[in-house]
Amino acid sequence: MGIAKTEAKAAIEAGKTALGIEFGSTRIKAVLVGEDNAPIASGSHDWENRLENGIWTYTLEDIWTGLQDSYTKMAQEVKDQYDVTLTKIGAIGFSAMMHGYMAFDQKGELLVPFRTWRNTITAEASEKLTKLFNFNIPQRWSISHLYQAILNGEDHVKDIVFQTTLAGYIHWKLTGEQVLGIGEASGMFPIDSNTKDFDRDMIHKFNETIADKGFSWKLEDILPKVLVAGEAAGTLTEEGAGLLDVSGNLQAGIPLCPPEGDAGTGMTATNSVAVRTGNVSAGTSVFAMIVLEKALSKVYEEIDLVTTPTGEPVGMVHCNNCTSDLNAWVNIFKEFAEAFGIKADMDQLFGTLYNKALEGDADGGGLLAYNYFSGEHITGFEQGRPMIVRTPDSKFNLANFMRVNLFTSLGALKVGLDILLKEEGVKLDRILGHGGLFKTEGVGQKIMAAAMNAPVSVMETAGEGGAWGIALLASFMKNKAADETLDNYLAEKVFAGYKGVEMSPDEADVKGFDEFIVRYKAGLPIERAAVENLQ
């Protein structure tokens, strides 16, 4: 057994580990880390949301069988790799896709099926609350779901005793504590970063607005208690240990950190929790999160305001479309190659085509593309139609074709980012990129640096994901020094040895992307016409 394996085994036996479990949209993943915060075992479970009665949901059975399966697989890996039966863990944390709606009655029973972040059924509530609070309240936030249920006259609302998110629900059932990490809480209801709690003035406004309904509860009665990273959030009960580990080997009494959302764990896993840092996740969808030095000057529907796990304000730009259309075009080139009898290696194909984009004209030669497989709220589209358009004198060649398709994968994101970086003057020292767009070395990174006009880093560990992020938050709670901050802990005890490759923006690329975005905005009526006329 090597040194690393021996150390990992000793940490497991001594209970000097931390476990993070994250419920993503398609996968539940458990990651166990050792004393150095590096992963030593993992297990995962695939699951799918279902559309029932027009609502995207997961059943409670889906939730618990998925949790138990991912834990069992992780514990089995511990047994196989280190010949240890897992009975104790230093600290545990849970995270899940943010927002959504889970409302419970006095008996702790779920009143209506879990409504996930994916539902777009709260437009009226979202619009009214944004006006009432003078603060952008997205459709997927928990308060939008609650208010929409009130506006719809849904019978269950009068019986609500507790409302939480998926991460908060799991934590509550395992510890008995009705709490939530502040980053996750910021997707339920707006946060006051000074008090590190829900915004009291806005709670008061909400209570006044629904006073005529005569409910027995006020909003503050049914929301979970807000905690920041590092605070204790309860311990695993006997019942909770049995729910998590069906083998019965896991002992109760393990401390848990505040449950968090996937945005907060993403920031943690990419070391992007300090002011003037940010991260961009670019895959099927794309979102950027930037930690702000101060509040924005006004409300923008394109910008969601959430917080880091320590309660610092974060500007978030979230777009539905990123790499799907790019991937579709690469598949067309694969078919072309195969029609000539050439067996195409996908990594080589992506690499060749992405690199070709770097040979194109700075602005993409006058070409225009939209990658809208689905709607895009930042530009005001409920539906999308992928397309490429050009004038007769555009420079139509492979390099420009690939360049414009890469540009447009970040087009809607740039529209939102320009509000933060240009209109609001938000300062950025470093952005960390992760996800499929960055797989081909140096290309997605170069395009992203041009979009943001800021240095973009890509780190080897960025692929570890949110389950590792929540394991780090559990480790931080258990192992931090008295006055140690989360950003110091991450910088010194987690990421000190990790290498990242940084790329600064190229002036010509920045200018070219800006020219493309002017064309992109001007051409939106073409996309609108396609949606209306191509059924």
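We use all heavy atoms of the structure for the numbers below, so side chains are in, but hydrogens, waters and symmetry mates are not.
Rounded to the nearest 0.5 angstrom, Ile447 CD1 and Met402 CE are separated by 10.0 Å. Separating the CG atom in Leu86 from the CD atom in Glu13 is a distance of 11.0 Å, to the nearest 0.5 Å.
Between Asn271 and Leu432 the shortest side-chain heavy-atom distance does not fall below 4.5 Å. The closest side-chain heavy-atom distance from Thr26 to Asp46 is not below 4.5 Å. In this structure the side chain of Met97 reaches within 4.5 angstrom of the side chain of Leu166, judged on heavy atoms.
Other residues, nucleotides and ligands contribute at most 12 non-hydrogen atoms within 6.0 Å of the NZ atom of Lys395. The 12-atom threshold is not exceeded at CH2 of Trp329, counting heavy atoms of other residues, nucleotides or ligands nearer than 6.0 Å. Within a 6.0 Å radius of CD in Glu77, more than 12 heavy atoms belonging to other residues, nucleotides or ligands are found. The local environment of NZ in Lys427 is sparse, with at most 12 non-hydrogen atoms from other residues, nucleotides or ligands closer than 6.0 Å. Counting heavy atoms of neighbouring residues, nucleotides and ligands inside a 6.0 Å radius, atom CD of Glu502 exceeds 12 of them. No more than 12 heavy atoms of other residues, nucleotides or ligands sit less than 6.0 Å from atom NZ of Lys478. Enclosure of atom CD in Glu441 is not indicated, since only 12 or fewer non-hydrogen atoms of other residues, nucleotides or ligands lie within 6.0 angstrom. Atom NZ of Lys73 sits in a crowded spot, with more than 12 heavy atoms from other residues, nucleotides or ligands closer than 6.0 Å.
Aromatic ring pairs are classed by plane angle as parallel below 30°, tilted from 30° to 60° and perpendicular above 60°; the pair Phe350 and Tyr354 is perpendicular. Under the 30°/60° scheme for interplanar angles, the aromatic rings of Phe333 and Phe401 are found to stand perpendicular.
No donor-acceptor distance shorter than 3.5 angstrom exists from the side chain of Ser95 to the backbone of Thr265, with no hydrogens or angles considered. Side-chain atoms of Glu424 do not come within 3.5 Å of backbone N or O of Leu296 as any donor-acceptor pair. Side-chain atoms of Asn119 come within 3.5 Å of backbone atoms of Thr116 as a donor-acceptor pair (strictly under, hydrogens ignored). A donor-acceptor distance shorter than 3.5 angstrom exists from the side chain of Asn331 to the backbone of Asn327, with no hydrogens or angles considered. At distances below 3.5 Å, at least one donor-acceptor pair connects side-chain atoms of Asn479 with backbone N or O atoms of Ser475. Between the Ser394 side chain and the Phe396 main chain, no donor and acceptor come within less than 3.5 Å of each other. A donor-acceptor pair under 3.5 Å is absent between the side-chain atoms of Tyr489 and the main chain of Val494, judged by distance alone. When atom types are taken as modelled, the side chain of Arg403 and the backbone of Ala357 share a donor-acceptor pair closer than 3.5 angstrom. For the pair Ser272 (side chain) and Thr270 (backbone), a donor-acceptor distance under 3.5 Å is present. Panel note: side chain Trp468, backbone Asn37; a donor-acceptor pair is recorded below 3.5 Å.
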Side-chain donor-acceptor contacts of residues 522-534 below 3.5 Å, not counting sequence neighbours, with atom names and distances?
residue	atom	partner	partner atom	Å
Glu527	OE2	Arg385	N	2.8
Arg528	NH2	Gly380	O	2.7
Asn533	ND2	Ala529	O	2.8

If you apply the rule side-chain hydrogen bond (donor to acceptor under 3.5 Å, both in side chains), what do you find for Asn371 with Asn321, and how did you get there? CA-CA 7 Å; Asn371 65 334; Asn321 301 283; 5.3 Å; no
If you apply the rule side-chain hydrogen bond (donor to acceptor under 3.5 Å, both in side chains), what do you find for His318 with Asp304, and how did you get there? CA-CA 8 Å; His318 186 281; Asp304 295 356; over 6 Å; no
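Taking the centre and axis of the six-membered ring of Phe513, the NZ or CZ atom of Lys414 falls inside the cone set by 45° and 6.0 Å.
The shortest heavy-atom contact between Ala167 and Glu260 is CB-O, 3.5 Å.
Exactly one of Leu292, Val291, Leu486 qualifies for a side-chain contact (heavy atoms from CB on, under 4.5 Å) with Thr308. That residue is Val291. Partner Phe114 forms a side-chain contact (heavy atoms from CB on, under 4.5 Å) with one of Ile55, Thr59, Asn49, Thr57 and no other, that one being Thr57. Phe23 pairs with exactly one of Trp47, Tyr169, Phe94, Tyr58 by the ring pair (Phe, Tyr, Trp, His ring centres under 6.0 Å) rule, that one being Trp47.
Every residue two or more places apart in sequence or in another chain was checked for a salt bridge (Lys or Arg N to Asp or Glu O under 4.0 Å) with Lys521, and none qualifies. Under the side chain to side chain donor-acceptor pair (under 3.5 Å) criterion, Glu515 pairs with Lys511, not counting sequence neighbours.
Between Tyr71 and Trp64, a ring centre-to-centre spacing not shorter than 6.0 Å is recorded.
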